[in-house]
Amino acid sequence: MSSKPSIPKGTRDFSTEEMQRREYIFDTIRQVFRLYGYQPIETPALENLSTLLGKYGDEGDKLLFRILNSGDYLSDVSMEELLKRDSGKLSSRICEKGLRYDLTVPFARYVVQHRDEIVFPFKRYQIQPVWRADRPQKGRYREFFQCDVDVIGSDSLLNEYELVRIIDDIFSRLHISIITKINNRKILSGIAEYIGEGSRITDITVAIDKLDKIGIDSVNAELREKGVSIEAINKLQPLLSFKGDSDEKLSKLEELLSLSVTGLKGIAEVRTLFSYLGQAEMKGKVELDLTLARGLNYYTGAIIEVKSTDVSIGSICGGGRYDNLAGVFGMEGVSGVGVSFGADRIYDVLKQLDLFDDTSISSSEVLIVNFGESETSYALSVIELLRKLSIRSELYPDPVKLKKQISYADSKKIPFLIIAGADEIQNNCVTIKNMTSGDQEKVSLNELRSYAEKNFKISR
RNA sequence: GUGGAUGUAGUUCAGUCGGUUAGAACGUCGGAUUGUGGUUCCGAAGGUCGUGGGUUCGAAUCCCAUCUUCCACCCCA
């Protein structure tokens, strides 16, 4: 009966080592968010399904984890409904809550719900797990952490600029080289208008989003399958094969889309954004990518996606501007823009590139050897002193063999050992062993404080 | 949700055609060394062969189901 315990598919335990690395990622991201003036909020893991459903398209609705009502959840369901076995309908009768699917929709809900308390423009960040009932793969989990930054209540393109700047700042601090791809939903609308298929923008963008992956012929085949006319597809071809830098692409676009008000507006927005970015000292590359569409149907302006140049793992950060999201919750005319960092994928990238600095992940700076009852009070006075100096220290809890205590320090990468046995106590000193070099020296209690301040790392 | 691969000690992996007691390396633990780790030497422990059924005199090996992980779609961080 006692089978090994396990955790649900696509979820993970994080070891102490992994957590220290993850916290390094979260800390880096959080520091940068704060540096740019964003403030944290949190929202519940559970949302009402009415908040979540219909915001991510049909596909998204399928991937929502639904939570069974508590108590006698079938009490209101008739036998007739049960016998119909319509699981879609039935689930809406017996589930009224779901796990959040991303942080943007709960944020929109938060903004609408707290509109009277919020000072606009509202700059917030949010670092929390989200859940998707997706089939797991590498870099794809059912529970994963997103780190969102958004500013809501401002139309200014300075916000887009700021987000791209944050992206560059974070990834350069993490030493990940990236390419930030930028597009604009208005340009995509313009293109759809230009080829005479204005109403099919979603089908068109989803298809051309795959250009990189499946090639131009397959994209055209998919468009035809979706019912886009051959004439329109032919008209689209030159746009898909634009060459040159972002400026050149924009100029060519401007000619082609000269009759589309929306398209021209998108071009102007991208131009402005690139002119801001031109003044910044950026580490990573930024480019206009007309094939960047992204699935989410709420983007209305800028679309942003970040990829690692060294590891292929899908996007590690993505986002854009959404004018209508708060409108879904009854608050019109409030525009927002934001991006989301995928902490778990960033972890995978750092891991694969061997970029974690594991030298700083020891639990303690100093281990004090435990010799037994009669030496304990001496050891305790030493550890009190060290901790007062903000030096991470631990006393080995059991008086086991010295060999064992030293190998404990070794395997936990603790850099210093303090040995205080009968000899040291008699001479009012301690023996300090440097675990890296193997050297050891005697230091008197009087000098311990200055020795510690000089040689031991102080924890923040 | 569709299609395909995978699973053997804590870890990475061997395991012949279905045949006796399932092996190795690393790691762990003990000893050589009663106050000195990371090197060396000696020794030991550790397995329901993912799980459940089936075929067979006999199954890690063949068949079915199921779960996990991974891959390609779909979609996405």
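Throughout, a chain's letter reflects where its sequence line sits, starting with A, and its residues are numbered from 1.
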Query raised in the report: Is any side-chain N or O of A/R135 under 3.5 Å from a base N or O of B/rU2, one able to act as donor and the other as acceptor?
Result: yes

- Donor/acceptor link under 3.5 angstrom from A/E424 side chain onto base of B/rG35: yes

Return the value, rounded to whole Å, for the distance between atom [atom1] of [X] and atom [atom2] of [N].
| X | N | atom1 | atom2 | result |
| --- | --- | --- | --- | --- |
| A/Q137 | B/rU68 | CD | C1' | 15 Å |
| A/F341 | B/rC76 | CZ | C1' | 17 Å |
| A/Y56 | B/rC74 | OH | P | 22 Å |
| A/K62 | B/rU2 | NZ | P | 11 Å |

- Less than 6.0 Å separating the ring centroids of A/F171 and A/F341? yes

Hey, does [X] reach any base, or is it just sugar-phosphate, or nothing, if we go heavy atoms under 4.0 Å?
| X | answer |
| --- | --- |
| A/G139 | base |
| A/A422 | base |
| A/C147 | nothing |
| A/K307 | nothing |

Closest of B/rG37, B/rC75, B/rG35 to the A/I406 side chain is B/rG37

Side-chain contact check for A/D423: nearest option of B/rG37, B/rC76, B/rG35 is B/rG35

Expected string for nucleotides 28-34 of chain B under the B/S/- scheme (protein heavy atoms, under 4.0 Å, primed atoms plus P, OP1, OP2 as sugar-phosphate) is ---S---

Looking only at side chains, do [X] and [Y] share a donor and an acceptor under 3.5 Å apart?
| X | Y | result |
| --- | --- | --- |
| A/D310 | A/S177 | yes |
| A/Y347 | A/K351 | no |
| A/T11 | A/E143 | no |

Given the [atom1] atoms of [N] and [M], what is the spacing between them in whole Å?
| N | M | atom1 | result |
| --- | --- | --- | --- |
| B/rA32 | B/rA14 | P | 38 Å |
| B/rC63 | B/rG46 | P | 33 Å |
| B/rU20 | B/rC67 | P | 33 Å |

- prompt: Any ion pair linking A/D344 and A/R12 (charged N to carboxylate O, less than 4.0 Å)?
  reply: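 Yes, this pair counts.
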
Thinking salt bridges, do A/R165 and A/D169 make one under a 4.0 Å N-O criterion?
->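 No.
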
Test item: A/R321 side-chain N/O and A/A302 main-chain N/O as donor-acceptor pair under 3.5 Å:
no

Subject >> Donor-acceptor contact present, side-chain A/N370 to main-chain A/G372, <3.5 Å >> reply: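 Present.
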
If you compare every side-chain N and O of A/K413 against the phosphate oxygens of B/rG38 (OP1, OP2), does one of them come in below 4.0 Å?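 For B/rG38, OP1/OP2 do not have a side-chain N/O of A/K413 under 4.0 Å.
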
**Message:** Looking at B/rG37, I'd like to know if its phosphate oxygens (OP1 or OP2) sit under 4.0 Å from a side-chain N or O belonging to A/Q405.
**Reply:**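 A/Q405 to B/rG37 OP1/OP2: no side-chain N or O under 4.0 Å.
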
Evaluate whether the aromatic ring of A/F144 and the six-membered ring of the B/rA77 base sit under 5.5 Å apart, centre to centre, with an inclination under 30°.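 It does: the ring sits over the base of B/rA77.
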
Side chain to side chain contact (heavy atoms under 4.5 Å, CB included) between A/Q405 and A/L417: does it pass, once the steps are laid out?
CA-CA 9 Å; A/Q405 300 193 39; A/L417 198 69; 5.9 Å; no

Per-residue pairing states of RNA chain B in dot-bracket (Watson-Crick or G-U under 3.5 Å; . unpaired, | other strand) read (((((.(..((((.....[...)))).(((((.......))))).....(((((..]....)))))).)))))....

Mark yes or no: A/R22 above the aromatic ring of A/F145, with NZ or CZ under 6.0 Å from the six-membered ring centre and no more than 45 degrees from the axis. yes

